[in-house]
Visitor: 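One structure is given below, represented as structure tokens, and several questions about it will come after.
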Amino acid sequence: MSLSHSHSALALKSQLFSFARKNPFIAKKLHAQIIKSGFNQHDPFPKTLIDSYGKCGLLQDALKLFDSLPHRDHVAWATVLSACNLSNLPYKALSISRSILNEGLQPDHFVFSSLIKACANLGDGYIKQGKQLHARFLLSPYSEDDVVKSSLVDMYAKFELPDYGRAVFDSIFTLNSISWTAMISGYARSGRKVEALRLFRQSPFKNLYAWTALISGLVQSGNATDALYLFVEMRGEGVSIADPLVLSSVVGACANSAVWELGKQMHCVVITLGYESCLFISNALVDMYAKCSDLVAAKYIFCEMRRKDVVSWTSIIVGTAQHGLAEEALALYDDMVLAGVKPNEVTFVGLIYACSHVGLVSKGRALFKSMIGDFGIRPSLQHYTCLLDLFSRSGYLDEAENLIRTMPFKPDEPTWAALLSACKQHGNINMAVRIADSLLDLKPEDPSSYILLSNVYAGAGMWENVSKVRKLMVVKEVRKEPGYSSIDLGKESQVFYAGEASQPMKDEILGLMRKLDEEMRKRGYVPDTSSVLHDMDQQEKERQLFWHSERLALAYGLLKAVPGTTIRIVKNLRVCGDCHTVLKLISTITSREIYVRDLKRYHHFKDGNCSCNDFW
DNA sequence: ATAGGGTTAG
């Protein structure tokens, strides 16, 4: 056999492996041939095969081959870890590594980066393990490796610990686009927008990845408006926006700020660029329309989707449930199961939430059981909170209290507050006082918790406790964030702050509000001042309520929107009880449909009723 | 053989 012949055989083999990395059938075939030729124990074949199996998605085969290796070295270890990461099974990567570490093998720099990535993907439940890996890396002979350092920066970014990431970032010898992007992402997703922007401006690598990291991070941390401005800037810089990742983030930004008009424009951009049938983007669009209270459009997109995954179904189910259409949400769930799509933990949050809206106690309980028994999902605190909400809203207060005291999670502030608010609603003063004490022990942060506590103690005549609540408020410097509401009128949108009418149409707004107030009082409206935080006399409290921002926005909308159209308002805080009553009354008086999206819920007012069934 | 950007709840 000539030398050139064996060379060409080698070249052929390496070409075959490159096919095998993309095609599982070729990978299998190649494996069979290597066994036949007797080379299956010879380096580098087993490892190259593990790599091929991992890259073409046959993780099971990769793992089997790895287990059959008589001798595991660093290369085999690193290869199998990268296969696990590719298949999105970071837990498997950690468990394999535990056993290898027990055998006494120490990680090299390749193993470190894959392990750190696995930890990062597991999320902030794995902070401790991640820090241990960091320590082990610093003590290893590889402690100067820049690639591992970049993976650490990324890990701390995903844990939302950007200061830890920054320390590592500053120790990198040669920064490249990957390290810069990881660090920018770390600041952005932790909501540290000043630092994120400063770093981005300094970075010599302003490519698509960096822009997407910045924009998506800001969306995730609730800075949707900044994200949208940056997207406009990105477009102006001539960076191509024809990319599914950045587009889905920007659609998400429209969803989170509930800007319907802009959302529709983004939808047009998506169509123009040819991404209508991209699953991720369609999912984001369904969610966007639902969050902008346009369920018709959300459903239309959902129905037109060729492929629907669990996120698509969950988005439409949650969207439907949040608009008070519980029966429809439950019917969609049945369709989902019939379509063979397996629900996940988020789906059940939406479903149980839907049940609690309409008092379907036994259905909700059954869903909770089915989630555990049929789908093997371990309930999280959110699930218990939903179940608790279901019991307490429907007046099953004892069952609710039993649940909150026996569930395997420590109840947090919103959980106690939800139960307390239900006790108050159902007039169970004894229990309310008991629950209030538990809430007070937590030293709450949220101003609404203090309002609730103060009302409960005052209702029970426990004045010492009322003053204790007030003192704690002063100590903790609890202050209500200024409320504002915005209204979307197609081409323009207007923002109103509580307590002040904006200059345009100030007199007309005040005139209309007075007229409506008069109408409401004729129908028996008495202002409910129990949600006013500060100590002041009754008249002053009523004046405060009168100037709540959603009322100003509504009056402006009634004056300026096309007659008969639905009025859409977005508020930064939760709607207070009095405004809720007022909005219901005004929907009757003016025969208008009003959508209000507040911090937590959706309210659709029509003919004197609200889709939230007066419980929020 | 290793490191960077995306969708659903709260």
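Note that the structure is predicted; figures quoted are calculated from it, not measured. Each chain gets a letter, A, B and so on, in the order the sequences are listed, and its residues count up from 1.
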Visitor: Remember a base hit wins even if backbone is also touched, and classify Asn207(A) as base, sugar-phosphate or nothing at under 4.0 Å, heavy atoms.
Guide: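 It contacts base atoms.
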
Visitor: Rounded to the nearest angstrom, tell me the gap between atom CZ in Phe348(A) and atom C1' in dT8(B).
Guide: 14 Å

Visitor: Ile116(A) CD1 to dG4(B) C1': how many Å, rounded?
Guide: 15 Å

Visitor: Among dA3(B), dA9(B), dT7(B), which nucleotide has an atom closest to any side-chain atom of Val318(A)?
Guide: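 Among the listed nucleotides, the one closest to the side chain of Val318(A) is dA9(B).
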
Visitor: Checking all strands, does Leu381(A) fall into the base, sugar-phosphate, or nothing category for heavy-atom contacts under 4.0 angstrom?
Guide: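 Leu381(A): no heavy atom of the nucleic acid under 4.0 Å.
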
Visitor: Rounded to the nearest 0.5 Å, how far apart are NZ of Lys131(A) and CG of Leu152(A)?
Guide: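 CG of Leu152(A) is found 12.5 Å from NZ of Lys131(A).
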
Visitor: Looking only at N and O atoms, is any donor in the side chain of Ser216(A) or the base of dG5(B) less than 3.5 Å from an acceptor on the other one?
Guide: no

Visitor: Base, sugar-phosphate alone, or nothing: which one does Lys308(A) contact when heavy atoms must sit under 4.0 Å apart?
Guide: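 Nothing: the residue Lys308(A), judged by heavy atoms under 4.0 Å, touches no strand.
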
Visitor: Below the 4.0 Å mark, does dT8(B) have OP1 or OP2 next to a side-chain nitrogen or oxygen of Gln382(A)?
Guide: no

Visitor: Rounding to a whole Å, what distance do you find between Asn88(A):CG and dG6(B):P?
Guide: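 Value for this atom pair: 13 Å.
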
Visitor: Any salt bridge between Arg192(A) and Asp163(A), counting N to O under 4.0 Å?
Guide: yes

Visitor: Using a heavy-atom cut-off of under 4.0 Å over every strand shown, decide if Asp146(A) touches base, sugar-phosphate, or nothing.
Guide: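 No contact.
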
Visitor: Classify the angle between the aromatic ring planes of Tyr602(A) and His323(A) as parallel (below 30°), tilted (30 to 60°) or perpendicular (above 60°).
Guide: tilted

Visitor: Would you tell me if any nitrogen or oxygen in the side chain of Gln220(A) comes within less than 4.0 Å of OP1 or OP2 on dG6(B)?
Guide: yes

Visitor: Please classify the nucleic acid contact of Ser315(A) as base, sugar-phosphate, or nothing, using heavy-atom distances under 4.0 Å.
Guide: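 Counting heavy atoms under 4.0 Å across all strands, the contact made by Ser315(A) is with sugar-phosphate only.
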
Visitor: With a 4.0 Å cut-off on heavy atoms, is Asp243(A) in touch with a base, just the backbone sugar-phosphate, or nothing at all?
Guide: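 The answer is base, as Asp243(A) lies within the cut-off (heavy atoms under 4.0 Å) of a base atom.
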
Visitor: Look at all strands and tell whether Val346(A) reaches a base, only sugar-phosphate, or nothing, counting heavy atoms closer than 4.0 Å.
Guide: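 Answer is base: heavy atoms of Val346(A) come under 4.0 Å of a base.
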
Visitor: Give the C-alpha distance, both sets of side-chain angles, the deciding distance and a yes or no for ring pair (Phe, Tyr, Trp, His ring centres under 6.0 Å) between Tyr156(A) and His134(A).
Guide: CA-CA 10 Å; Tyr156(A) 286 122; His134(A) 187 176; 5.6 Å; yes

Visitor: Just call it for Asp145(A): base, sugar-phosphate, or nothing, with non-hydrogen atoms closer than 4.0 Å on any strand.
Guide: nothing

Visitor: Please state how far atom CD1 in Ile317(A) lies from atom C1' in dG10(B), giving the value in whole angstrom units.
Guide: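 To the nearest whole Å, that distance equals 17 Å.
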
Visitor: Please tell me which of the listed nucleotides, dT2(B), dG4(B), dG6(B), lies nearest to the side chain of Pro244(A)?
Guide: dG6(B)

Visitor: Once you round it to whole Å, what is the distance between C1' of dA9(B) and CD1 of Ile377(A)?
Guide: 13 Å

Visitor: So which nucleotide from dT2(B), dG6(B), dG5(B) ends up closest to the side chain of Cys278(A)?
Guide: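 Within the option list, the nearest is dG6(B).
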
Visitor: Ignoring the backbone of Ala78(A), work out which of dA1(B), dG6(B), dA3(B) is nearest its side chain.
Guide: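 Nearest to the side-chain atoms of Ala78(A), counting from C-beta on, is dA1(B).
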
Visitor: Is the Lys NZ or Arg CZ of Lys308(A) less than 6.0 Å from the centre of Phe302(A)'s six-membered ring, within 45° of the axis?
Guide: yes

Visitor: Of all the nucleotides listed (dT8(B), dA1(B), dG6(B)), which has the minimum atom distance to the side chain of Arg189(A)?
Guide: dG6(B)

Visitor: Between Phe200(A) and Tyr187(A), is the gap from one ring center to the other below 6.0 Å?
Guide: no

Visitor: I want to verify a distance call: between dA9(B), dT8(B), dT2(B), whose nearest atom is closest to the Val349(A) side chain?
Guide: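 Nearest nucleotide to the side chain: dA9(B).
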
Visitor: From the list dG4(B), dT2(B), dT7(B), which nucleotide is the closest neighbour of the side chain of Lys117(A)?
Guide: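 Taking heavy atoms from C-beta onward, the closest nucleotide is dG4(B).
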
Visitor: Take atom CZ of Phe159(A) and atom P of dG4(B), then tell me their distance rounded to the nearest Å.
Guide: 13 Å

Visitor: Checking side-chain hydrogen bond (donor to acceptor under 3.5 Å, both in side chains) against Asn283(A), which of Ser315(A), Ser312(A), Ser248(A) comes through?
Guide: Ser312(A)

Visitor: Distance criterion of 3.5 Å, no angle test: do you see the side chain of Ser113(A) paired donor-to-acceptor with the base of dT2(B)?
Guide: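 A donor-acceptor contact between them is present.
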
Visitor: Donor-acceptor pair under 3.5 Å: do we get one between Asn176(A)'s side chain and the base of dA3(B)?
Guide: yes

Visitor: Can you tell me if Lys291(A) touches the phosphate of dA9(B), counting only side-chain N or O atoms and a distance under 4.0 Å to OP1 or OP2?
Guide: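 Indeed, a polar side-chain atom of Lys291(A) lies that close.
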
Visitor: Could you give the CZ-to-P distance, from Arg574(A) to dG10(B), as a whole number of Å?
Guide: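 Those two atoms, CZ and P, are 10 Å apart.
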
Visitor: Could you check which of dG5(B), dT8(B), dT2(B) has an atom nearest any side-chain atom of Tyr209(A)?
Guide: dG5(B)

Visitor: For the pair made of CD1 in Ile281(A) and P in dG5(B), what is the distance, rounded to whole Å?
Guide: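 My rounded result for the distance is 17 Å.
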
Visitor: Return no unless some side-chain N or O of Lys158(A) is found under 4.0 Å from OP1 or OP2 of dA3(B).
Guide: no

Visitor: Under 4.0 Å between any heavy atoms, over every strand shown, what does Ser179(A) touch: base, sugar-phosphate, or nothing? Just pick one.
Guide: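 If one applies the 4.0 Å heavy-atom cut-off, Ser179(A) turns out to touch nothing in the nucleic acid.
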
